[in-house]
Enquirer: 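Just passing along the structure, written as C-alpha cells.
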Amino acid sequence: MEKKFWILDLSAEKVKDEDEIWIWSIGEDGERAVLRVKVEGQRFYVVPKADPLEAARKISNISGVISAQVVEKRLFGEKVSAVEVLCKPSKIEDVSKAVKDLGTLYEDDLRLSVRFILDNDVKPASWYKCFVEQDGKGGNGVNCTYRLIRMEKTEELAAPKLRVVGLDFLYEPKIGTPIPERDPVVAISIARDDGIKRQFTGEEKSIIKAFIEEVEGYNPDVIVGYRLNTSHWPYLLIRAKKLGIKLEVGRLKTEPHQSVYGHFSIAGRINFDLKDYAREITELERGTLEELARFLGLPQPKLQLDEFLYPKYWKEDREKVLEYSMWRASASLSIFQTISDHIFTMSSITGVPPDYVFSAAAGYRLENYLMEAAVRIGELIPKPVERALPTYPGGKVLTPEKGIHENVAVIDFKAMYPSIMLKYNISPDTVKRAPCPKGFLFIEEAGTCIAQDRKGFFTEVLERAVKEREAVRDIMKKYPKDSREYRFLDAMQRTLKVLANAMYGYMGWTGARWYLREGAETVTALGRRTITEAIEKAKELGLKVVYGDTDSLFVKYDKEKVDKLLNWIERELGLEAKLEKIYKKVIFTEAKKKYAGLTIDNVLDLVGLEAVRGDWCKFAKDTQRVIADLLLRGASKDRVISVFRERITELRNKNVDLIDLVIWKQLAKRIDEYEVSAPHTVVAKELISEGWKVTKGDYIGFVVVKGKGPIHARSKHYSKVDIDEVDIDYYIEKQIVPVCARILNVIGLKEDSLLKIAKTAGMGLESFF
DNA sequence: GCGAGGTAATTACCT
DNA sequence: ACAGGTAATTACCTCGCG
C-alpha cells in the first residue's frame, strides 16, 4: 500500500543476524510507525595499486564479499578506476582488513545508517511517499510496523504535529554537585505540548516509575531538556539501575543508549539537548537556559537559581525550587517549539538526524552535506586524517583612524568568501601549489594555482546551494510573512546560507575529509586582494577610508560616491557589496576590532568593547555602555565625568548587587591542562575540592576580594562572597577605569586622570565638587 | 629579595 | 571539534641590583 510518512529518525538494527534499517516515522494521519528495510549489502571502494580487474577478481573471492566490480569514480577531481565492493554489513571490518593491501580504501568508515541515507537519498525530517507492506502490529509506542518497498520524496515541507515534552530533573546532593551513585532524584518536572504539566516529587523509585509511565502514556515524539546528554540521562540510568528499574523511555520499551557525538539516543524519539543548541548561538554569553529563553523572547523564571545556590534553597524554600524546575521544563518545551524549524531544516538538508544535528560540530554537519553531494556526483569520500596544524594568513584588518567621526558608512561585501570560491572555482580538487600546470590561474599572493578547465567539487556544491536558496526565497514570497510555510522556508534559506558560509572554514579545518590548506589560503589571499582594490577605488573616488576588516569598509559617507563604489565593485570585481549601515557618529579607539557607534536610527552599536564581552563584570560593562552612549549623543565632557563619578561613588558605597561584580570566565581546558594559575582555574580547583563538578566548557564566576598577593590568590567563587569582602579598589582600577578610559581617550581623558577623579569620588568629598 | 620589563598564557571577541 | 586576526589582562620569568 501507499502511505505518506515524515521521517523522525533512522537506526541500524540487528534482527536475528540480519541487518536492517528502521525508519521511525509519522504518517500524515498521525500514525507512528517503523518502516523496516533489510540491508543485504554495504558498499565501499578500493582504489587498487595494480590492475583494477585483477583486484576485483581477487576481492570477489574473499569471504563475506557479495560482489566486486570495477567502476569509474572521481578522486579529488581526477578520474580513477575503483573496485566497488559489496559485502554483508556485519562483515565490513573483516573484509576491509582483507583487502587493504590491494589499494586505498574509501567509504569503509561510514556507519550503516549513514550509508543508507547517502545511497537512497533519504533525508530525516522530510516527507516521503512510501510503498509499504504491513509487517506487524504496533504496541509500545508505535501503531504499526511495515516493510518498506520503496520511497519517494514529496514536496511537503513543515513537520507534522509532534508530541513534545520538556523535562527537568532535581537531585538532592549531600554536598556539592549531585553524584548519581550517592544522591537520589527528588523531583521530575514535565511540560507537555498539550498544556499539561506534571511534577513528580517524593520517594525516588515511585517518581522515576511515574515518569516512565508518563512517557509511555503520552508517547512523545520529542523529549527536550537542558543538559540531557551530559548530565540527566547518564545520571538517571545509574539511579534506575540502582533501584532495579529499567529506564524504558524509548519506543519498543528501550532504554536511552549512548551514541555518536556524545549524544544519547532514544529509540523512536527525538532526544534534543538544548545545551548543544545554546553553545552555537554567539549572542549568548554563557549558554544558560535562561539566556537562551531570553534570546528567543520567551519568559524568564521568577527566580534565577543556579546549581550553586540550589542546595541551599532546597533546604530553605522547596516550593521555589520546584517552581523553578517547572519553569525549566516549560521553557525547554517552548524553546524547542521556537527553534524546531531550524533543527528540522538543518537535519533535512544535511542528512544528520534531528536529535543530534546540533550535538555534532558545525564542520561535521557540513561534511555530511558534502558527502551527500559526493555520492551524487561520484566523488569518493576521503577519510579524515591526522594532520599538523600549520596556519596561513587570513583577512586584512586596517588600523582605524582613532577619534570621533561623523557620518560614516559601512560597506560590506556580501558573503565574500563563498563568492570568491565561486568566482575563482576554489575547491579541494582545483587548487595546487605553484608552479602552474597549463590552464591554471596563478594567484601570486598565495603562490597557488587554480584549475580553470573544469568545475570543482565545492563549486558544484556551492552553486547548487545558492540555486536552491534562491528557489526557496522565491517560493517564500508566495506566502504571508506570518504563515507557517513562510517561517519554515525562511529557516531553510538561512540554513543553506549557513552551510555555504562554512565552506571556506571547512576547507581550512585540518580535521576535514576535504581539507586543502592551499585552497583556504587562496580564498583569503583573494579576499585581501579584493578589499585592497576596493580601498584604492574608494580613495580614487574621493572617499575617505577610516577603517576596514576583512570584508568591510568604513568610509566618510557621500551617497553619490558610495553608490559609484558599489557599482564598481559589482561591475569590475564581479562581487556584490552593500551599504550595511550609516553611523551618525562613531568612536574608534586606538585598537582594531573595537568601536562604538550611533546609527542614523539612533541605535547604539558597541563592537568588540568590554561592554560586549562576557569576561568583564556587569557593573563595568554597564558603565562603559552609559559613557559611550552619552558621548555619542553629544553630552558634554563635564556631564560624562559626573556620570563616571556617580558610578564610582555607587561602587564605593557598595550600592551595587554582588552579582554585578562577578567576573565570568570559561574553563576552556581540562583543569589539569593549565600551565599557570589564573583566577578562574584556582577557583575551579577549589570548587572541585569541595565536591562540585566543574569541567571543561563550564563558566566560573568569581569576585576579587581584599587581601594580599596576585589576583588568583584572592578570587572567590561568587556563591561564597559577602559584599564587604570585595576589593573595591580592584574594581575601580582594573575594571571601571580602564573600560571608561577606552572610550574617553578620544576626548582627551586618559586613564590616569580618570583614576584621579575616581580617587576622590565617594570619599565623602562629593559636596566639594 | 625585589621591582622593572618583557613575554607567555589565557580568554573572548570580529569578520 | 569550520578559519585567521586582534586586544587585553594576568602570571611568570629574567635581569639587574653589588
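This structure is a prediction, so every number in the text was calculated from the model and none was measured. Chain letters run A, B, ... following the sequence lines, proteins first and then strands; every chain starts at 1.
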Enquirer: Taking only residues two or more places apart in sequence, or in another chain, which ones meet A:D601 in a side chain to side chain donor-acceptor pair (under 3.5 Å)?
Expert: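 A:D601: no side chain to side chain donor-acceptor pair (under 3.5 Å) contacts found.
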Enquirer: Base, sugar-phosphate or nothing for A:W514? Non-hydrogen atoms, less than 4.0 Å.
Expert: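 Nothing, no heavy atom under 4.0 Å.
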Enquirer: Could you tell me if the side chain of A:V746 sits less than 4.5 Å from the side chain of A:L631, heavy atoms only?
Expert: yes
Enquirer: Can you name the salt bridge (charged side-chain N to carboxylate O under 4.0 Å, His left out) partners of A:D412, sequence neighbours left out?
Expert: none
Enquirer: Where do N or O atoms of nucleotides 4-9 of chain B meet protein N or O atoms at under 3.5 Å, pair by pair?
Expert:
{"unit_1": "B:dA9", "atom_1": "OP1", "unit_2": "A:E675", "atom_2": "OE1", "d": "3.2"}

Enquirer: Looking at every strand, decide which applies to A:Y515 at a 4.0 Å heavy-atom threshold: base, sugar-phosphate, or nothing.
Expert: nothing
Enquirer: For A:T495, give me all partners under side chain to side chain donor-acceptor pair (under 3.5 Å), at least two apart in sequence or on another chain.
Expert: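 Once residues adjacent in sequence are excluded, the partners of A:T495 under the side chain to side chain donor-acceptor pair (under 3.5 Å) criterion are A:T345.
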Enquirer: Within the 4.0 Å heavy-atom criterion, would you say A:V523 contacts the bases, only the backbone, or no part of the nucleic acid?
Expert: nothing
Enquirer: Which of residues 584-600 of chain A sit near DNA chain C, with a heavy atom under 4.0 Å from it?
Expert: A:A591, A:K592, A:K593, A:K594
Enquirer: Applying side chain to side chain donor-acceptor pair (under 3.5 Å), can you list everything that pairs with A:Y674, at least two apart in sequence or on another chain?
Expert: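 Once residues adjacent in sequence are excluded, A:Y674 has no partner under the side chain to side chain donor-acceptor pair (under 3.5 Å) criterion.
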Enquirer: Among side-chain atoms of A:T459 and A:N425, is any donor-acceptor pair under 3.5 angstrom?
Expert: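 A:N425 and A:T459 do have a side-chain donor-acceptor pair below 3.5 Å.
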Enquirer: Over all strands shown, is A:R286 touching base, sugar-phosphate only, or nothing at heavy-atom distances under 4.0 angstrom?
Expert: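 Nothing, no nucleic acid heavy atom in range.
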Enquirer: Under the salt bridge (charged side-chain N to carboxylate O under 4.0 Å, His left out) test, which residues partner A:R286, sequence neighbours left out?
Expert: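 A:R286 satisfies salt bridge (charged side-chain N to carboxylate O under 4.0 Å, His left out) with no other residue.
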Enquirer: Kindly write out the residues that satisfy salt bridge (charged side-chain N to carboxylate O under 4.0 Å, His left out) with A:R613, not counting sequence neighbours, or none if the list is empty.
Expert: A:D615
Enquirer: Taking only residues two or more places apart in sequence or in another chain, which ones pass side chain to side chain donor-acceptor pair (under 3.5 Å) with A:T350?
Expert: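 Checked A:T350 against side chain to side chain donor-acceptor pair (under 3.5 Å); zero matches.
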Enquirer: Reading DNA chain B 5' to 3', how would its secondary structure be written in dot-bracket notation, given Watson-Crick and G-U pairs with both distances under 3.5 Å, brackets [ ] for crossing pairs and | for partners on other strands?
Expert: |||||||||||||||
Enquirer: What contact category does A:Y699 fall into here, base, sugar-phosphate, or nothing, at under 4.0 angstrom with non-hydrogen atoms?
Expert: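 Sugar-phosphate contact only.
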Enquirer: What protein N or O atoms touch nucleotides 1-3 of chain C N or O atoms at under 3.5 angstrom, if any, and at what distances?
Expert:
{"unit_1": "C:dC2", "atom_1": "OP2", "unit_2": "A:G363", "atom_2": "N", "d": "3.0"}
{"unit_1": "C:dC2", "atom_1": "O2", "unit_2": "A:A502", "atom_2": "O", "d": "3.1"}

Enquirer: Do A:W514 and A:D429 meet the criterion of a side-chain donor-acceptor pair at a distance under 3.5 Å?
Expert: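 Note: A:W514 and A:D429 side chains miss the donor-acceptor criterion.
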Enquirer: Suppose the criterion is ring-ring contact (aromatic ring centres under 6.0 Å, His included): which pairs have a residue in residues 354-377 of chain A, not counting sequence neighbours?
Expert: A:Y261-A:Y356, A:Y261-A:Y364, A:H263-A:Y356, A:Y277-A:F358, A:H342-A:F358, A:Y364-A:W509
